[in-house]
Amino acid sequence: MANAPINTDILDRAILFAVRAHSGTERRGKGFPYIVHPMEAVEIVATMTPDQELLAAAALHDTVEDTDVTIGQIREEFGDRVADLVASESEETVPEVSEEDSWHQRKQAAIDRLAAASRDAKMVALGDKLSNMRAIARDYELLGDKLWNRFHISDPAEHAWHYKGLVEALRELDGTFAFREFEQLVNRVFCK
């Protein structure tokens, strides 16, 4: 018996939107197109849910934070639920404070927001965070502590604090393959 086709319209539109938004940009220090990261986030979220709006939010999760796209544009194109999920994954800047000086404050606010977020928002966030952690683990194997020089904050203890906080904020997803992989990678890189 053949599987019934699923309606992927919103995901298809989100992928095309994200491709256009990230066009011509490179993933920091990676040498490959930025869009590879959101597509990996979609794949990770798809291991937890077939919900097309969650998959669309995963595709779009960095468009507001890293491009000129606004939440209003996301809301207009994809509706309230997708826009709210993207907004929950977008880091807020601290006015008149440098990225370096506001890093800890911004990361703590993100951890707190995520801990209180819905399960749906946590799935989208886990897609992003696991993709990031996979890249960190791969690069750490190659570069060791030189890896941290790529970031605004180069102290590995700060990154350890941040990722361990994310593990706890996402603990509701324990039992999913994605969460188990995320926790294992955080422990492998930061718990020596």
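What you see below is based on every heavy atom in this structure, not just the backbone, and it leaves out hydrogens, waters and symmetry mates. By convention here, the first residue in the shown sequence is residue 1.
Around atom CG of Asp68, no more than 12 heavy atoms belonging to other residues, nucleotides or ligands sit under 6.0 Å away.
His159 pairs by the ring pair (Phe, Tyr, Trp, His ring centres under 6.0 Å) definition with Trp103, Trp148, Phe151, not counting sequence neighbours. Annotation: ring pair (Phe, Tyr, Trp, His ring centres under 6.0 Å) contacts of Tyr34 (sequence neighbours excluded): His22.
The minimum heavy-atom distance between Val69 and Ala21, with the atom names listed, is CG2-CB, 3.9 Å. Summarising the geometry of Ile74 relative to Thr63, their closest heavy-atom pair is CD1-OG1, 3.6 Å, with the distance given to 0.1 Å. The two atoms that bring Val167 and Phe179 nearest to each other are O-CE1, 3.4 Å, heavy atoms only. Shortest non-hydrogen contact noted between Leu54 and Leu85 is CD1-CD1, 3.9 Å. Between Leu55 and Thr49, the shortest heavy-atom contact is CD2-O, 4.1 Å. Here the closest non-hydrogen pair linking Ala178 and Ile44 is CB-CG2, 3.8 Å.
You'll find the side chain of Cys191 reaches within 4.5 Å of the side chain of Lys164, heavy atoms only. Using a 4.5 Å heavy-atom threshold, the side chains of Met133 and Phe190 count as touching. Here the side chains of Val45 and Leu126 are not in contact, with every heavy-atom distance at 4.5 Å or above. Residues Ser131 and Asp128 form no side-chain contact, since every pair of their non-hydrogen atoms from C-beta on lies 4.5 Å or further apart. In this structure, Phe182 and Leu173 have side chains that are not in contact, with every pair of non-hydrogen atoms separated by 4.5 Å or more. Using a 4.5 Å cut-off on side-chain heavy atoms (C-beta onward), Thr47 and Thr176 make no contact.
Between the side chain of Arg180 and the main chain of Gly175, a donor-acceptor pair closer than 3.5 Å is present. Side-chain atoms of Gln52 come within 3.5 Å of backbone N or O of Pro50 as a donor-acceptor pair. A donor-acceptor pair under 3.5 Å is absent between the side-chain atoms of Arg134 and the main chain of Glu181, judged by distance alone. Thr8 places no side-chain N or O within 3.5 Å of a backbone atom of Leu11 that could act as its donor or acceptor partner.
There is no path of hydrophobic side-chain contacts, each under 4.5 Å, that joins Ile6 to Val42. Met48 is not connected to Ile10 by any chain of hydrophobic side-chain contacts under 4.5 Å among Ile, Leu, Val, Met, Phe, Trp and Tyr, and they are in different clusters. Linking ILVMFWY side-chain heavy atoms closer than 4.5 Å, directly or via other members, places Val86 and Leu170 in two distinct hydrophobic clusters. Linking Ile, Leu, Val, Met, Phe, Trp and Tyr whenever their side-chain heavy atoms come within less than 4.5 Å leaves Phe17 and Val124 in two separate clusters. Two different hydrophobic clusters hold Ile15 and Val64 under the rule that ILVMFWY side chains link at heavy-atom gaps under 4.5 Å.
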Exercise. Report the C-alpha distance between Asp155 and Trp161 in whole Å, list the side-chain angles of each, state the deciding distance to 0.1 Å, and finish with yes or no for side chain to side chain contact (heavy atoms under 4.5 Å, CB included).
Key: CA-CA 10 Å; Asp155 181 355; Trp161 162 82; over 6 Å; no

Exercise. Let me see the working for Arg13 and Leu16 under side chain to side chain contact (heavy atoms under 4.5 Å, CB included), right down to the final yes or no.
Key: CA-CA 5 Å; Arg13 289 187 300 111; Leu16 292 173; 5.9 Å; no

Practice problem: Apply side chain to side chain contact (heavy atoms under 4.5 Å, CB included) to the pair Arg81 and Asp51, showing each step before the final yes or no. | Solution: CA-CA 12 Å; Arg81 184 173 180 229; Asp51 186 318; 2.8 Å; yes

Quiz item: So Arg119 and Met123, side chain to side chain contact (heavy atoms under 4.5 Å, CB included) or not? Walk me through it.
Solution: CA-CA 6 Å; Arg119 184 175 177 85; Met123 282 190 271; 4.2 Å; yes

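Checked by atom type, the side-chain pair Asn187/Glu183 shows no donor-acceptor distance below 3.5 Å.
With salt bridges taken as basic N to acidic carboxylate O contacts below 4.0 Å, none links Arg106 and Glu65. A salt bridge is absent between Glu158 and Lys107; no separation between the charged side-chain nitrogens and carboxylate oxygens falls under 4.0 Å.
Considering CD of Gln108 and NE2 of His104, their distance stands at 5.5 Å, rounded to 0.5 Å. Taken from CZ in Arg138 to CG in Leu147, the straight-line distance is 11.5 Å, to the nearest 0.5 Å. From Leu130, atom CG reaches atom CD of Gln184 across 10.5 Å, with rounding to the nearest 0.5 Å. For the atom pair CD of Glu53 and CG of Asp84, the computed distance is 10.5 Å after rounding to the nearest 0.5 Å. With rounding to the nearest 0.5 Å, the separation of OG in Ser88 from NE2 in His61 is 11.0 Å. Note that OG1 of Thr25 and CD1 of Ile35 are 8.0 Å apart. Values are rounded to the nearest 0.5 Å.
Considering Glu89, Glu172, Glu168 in turn, Glu172 is the only one that fulfils the salt bridge (charged side-chain N to carboxylate O under 4.0 Å, His left out) rule with Lys122.
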